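See below for the structure under consideration.
Here, residue 1 is the first one in the sequence, and each next residue gets the next number. Bear in mind the structure is a predicted one, so any value in this text is a computation, not a measurement.
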Amino acid sequence: MGHLDHAAFGWLTPVLSYAMAGIGSALGLRCTVRALAATGRSRRNWLATAASAIGTGIWTMHFVAMLGFRVSGTDIRYDVPLTALSLLVAMAVVWAGVFAVGYGRDRTRALALGGLTTGLGVASMHYLGMAAIRLHGDVGYDPVLVALSVLIAVVAATAALWAGLNIKSPVAATVASLVMGAAVSSMHYTGMLAVTVHVTPSGSVLPGATAMQFIFPLAVGLGSYLFLTSAFVALSPTAGEREASASAQRPVESATAR
């Protein structure tokens, strides 16, 4: 059995992956709050931004963490199409969950359905990403830890959607995003603890790309997207600020008309 190292670069990849999950969660929460205060096309656009932020944050968290994954006795490669598909799965299921909550008339039912769908989708993204691994040997899983990781994903997704519906204060949203980042990271590392690898030494060349060739550039690109979108959302006025600005302009316009 090969020795598994989940943090080959020390604390660097766990800390960076947690930061990605936290930023994605914070951005998603702020966009959801903006969406619920908007209507029509504006609501749809804010929900789409929220879904893309959360989905990108979750996927980036997973694969930044995977940059530190090593197995003694074998190289590791990643199947590029499967890895890309895991990103699409993450985006699609988070879109489904966020839009279910954003447009659902029965909030409780929408929250339960959205949380379950999103949580199962996040878990699917994780294990699809794991299925993309290519190494000399066989990968196995502890079913109890797998089930626990899926449960954590569902609870974390439901809590994130609940926070989007109920948390308005920036301070509370920051705390919620930190908790969500920890929950997503816990799901990932619980799933990784379920992994066992039986190495079969071989001199053959593994198919696929290394983490540095494919995952690192993509993770950097998606991380940059999160930071730029965060800046845009931070600078964009809220509905309350727009109303206050409009109210302040009315007396000036009235006085000018006189």
(message) Looking at Thr39, is its backbone amide N or carbonyl O close enough to the side chain of Ser42 to form a donor-acceptor pair, meaning the two atoms are under 3.5 Å apart?
(response) no
(request) Identify the residue among Val122, Leu128, Val94 that makes a side-chain contact (heavy atoms from CB on, under 4.5 Å) with Val89. (result) Leu128
(request) Kindly compute the distance separating CZ (Phe69) from CG (Leu4), expressed to the nearest 0.5 Å. (result) 4.0 Å
(request) Mind checking the CG-CG spacing from Leu111 to Leu116? Nearest 0.5 Å is all I need. (result) 11.0 Å
(request) Please confirm whether the backbone N or O of Gly129 pairs with a side-chain atom of Ser86, one donor and one acceptor, at under 3.5 Å? (result) no
(message) When you compare the side chain of Val144 with that of Leu148, does any pair of heavy atoms fall below 4.5 Å?
(response) no
(request) For Thr117 and Gly114, indicate whether the former's side chain and the latter's backbone hold a donor-acceptor pair under 3.5 Å. (result) no
(message) I'd like to know if the side chain of Tyr18 and the backbone of Leu178 have a donor-acceptor N/O pair within less than 3.5 Å.
(response) yes
(message) What I'd like to find out is whether the side chain of Asp75 reaches to under 4.5 Å of the side chain of His136, using heavy atoms alone.
(response) no
(message) Is any side-chain heavy atom of Thr210 closer than 4.5 Å to one of Tyr78?
(response) no
(request) Decide whether Phe9 and Leu16 are clustered together by the hydrophobic rule: side chain heavy atoms of Ile, Leu, Val, Met, Phe, Trp, Tyr closer than 4.5 Å, transitively. (result) yes
(request) Calculate, to the nearest 0.5 Å, the distance between atoms OG1 and CD1 belonging to Thr190 and Ile152 respectively. (result) 3.5 Å
(message) Would you compute the distance between atom NE2 of His188 and atom CE of Met125 and round it to the nearest 0.5 angstrom?
(response) 9.0 Å
(request) Kindly say whether Met130 contributes a backbone atom to a donor-acceptor pair with the side chain of His62 at under 3.5 angstrom? (result) no
(request) Please report the C-alpha distance between Trp59 and Thr83 in whole Å, then the side-chain angles of each, then the deciding distance to 0.1 Å, and finally whether the side chain to side chain contact (heavy atoms under 4.5 Å, CB included) criterion is met. (result) CA-CA 10 Å; Trp59 188 93; Thr83 304; 3.8 Å; yes
(request) Would you check if Met192 and Ser149 make a side-chain contact, meaning some heavy-atom pair closer than 4.5 Å? (result) no
(message) Side chains of Val154 and Leu120, heavy atoms from C-beta outward: is any pair under 4.5 Å?
(response) yes
(request) Could you state whether Met180 and Val93 fall into the same hydrophobic cluster, counting links through intermediate Ile, Leu, Val, Met, Phe, Trp or Tyr residues with side-chain heavy atoms under 4.5 angstrom apart? (result) no
(request) Can you see which heavy atom on Ala21 is nearest to which on Met61, and at what distance? (result) CB-CG, 3.7 Å
(request) Rounded to the nearest 0.5 Å, what's the gap from CD1 on Ile54 to OG on Ser25? Could you check? (result) 6.5 Å
(message) Ignoring hydrogens, what is the shortest heavy-atom contact between Ala100 and Ala110? Give both atom names and the distance.
(response) O-CB, 3.4 Å
(request) Taking the side chain as every heavy atom from C-beta outward, state whether Val195 and Tyr141 have any atom pair closer than 4.5 Å. (result) yes
(request) May I ask you to decide if Ala35's main-chain N or O and Arg43's side chain share a donor-acceptor pair within less than 3.5 Å? (result) yes
(message) Give me the atom names and distance for the closest heavy-atom approach of Ala211 to Leu67.
(response) CB-CD2, 3.6 Å
(request) Decide whether Val197 and Leu82 are clustered together by the hydrophobic rule: side chain heavy atoms of Ile, Leu, Val, Met, Phe, Trp, Tyr closer than 4.5 Å, transitively. (result) yes
(message) So which atom in Thr118 and which in Gly97 form the shortest heavy-atom distance, rounded to 0.1 Å?
(response) OG1-CA, 3.3 Å
(request) Quick one: closest heavy-atom pair of Gly191 and Tyr127, and the distance? (result) CA-OH, 3.5 Å
(message) I'd like to know whether Ile76 forms a side chain to side chain contact (heavy atoms under 4.5 Å, CB included) with Met66, so could you lay out the CA-CA distance, the side-chain angles of the two residues, the decisive distance to 0.1 Å, and finally the verdict.
(response) CA-CA 11 Å; Ile76 297 176; Met66 291 303 292; over 6 Å; no
(request) List the atom of Cys31, the atom of Ala50, and the distance in Å for their closest heavy-atom pair. (result) CB-CB, 3.5 Å
(request) Enter the distance from Trp162:CH2 to Leu29:CG here, rounded to the nearest 0.5 Å. (result) 10.5 Å
(request) Please check if Val179 and Leu161 belong to a single hydrophobic cluster, counting links between Ile, Leu, Val, Met, Phe, Trp and Tyr side chain heavy atoms closer than 4.5 Å. (result) no
(message) Measuring only between side-chain heavy atoms, which start at C-beta, is Pro207 closer than 4.5 Å to Arg77?
(response) no
(message) Hydrophobic clustering (ILVMFWY, side-chain heavy atoms < 4.5 Å, transitive) - are Leu113 and Leu151 grouped together?
(response) no
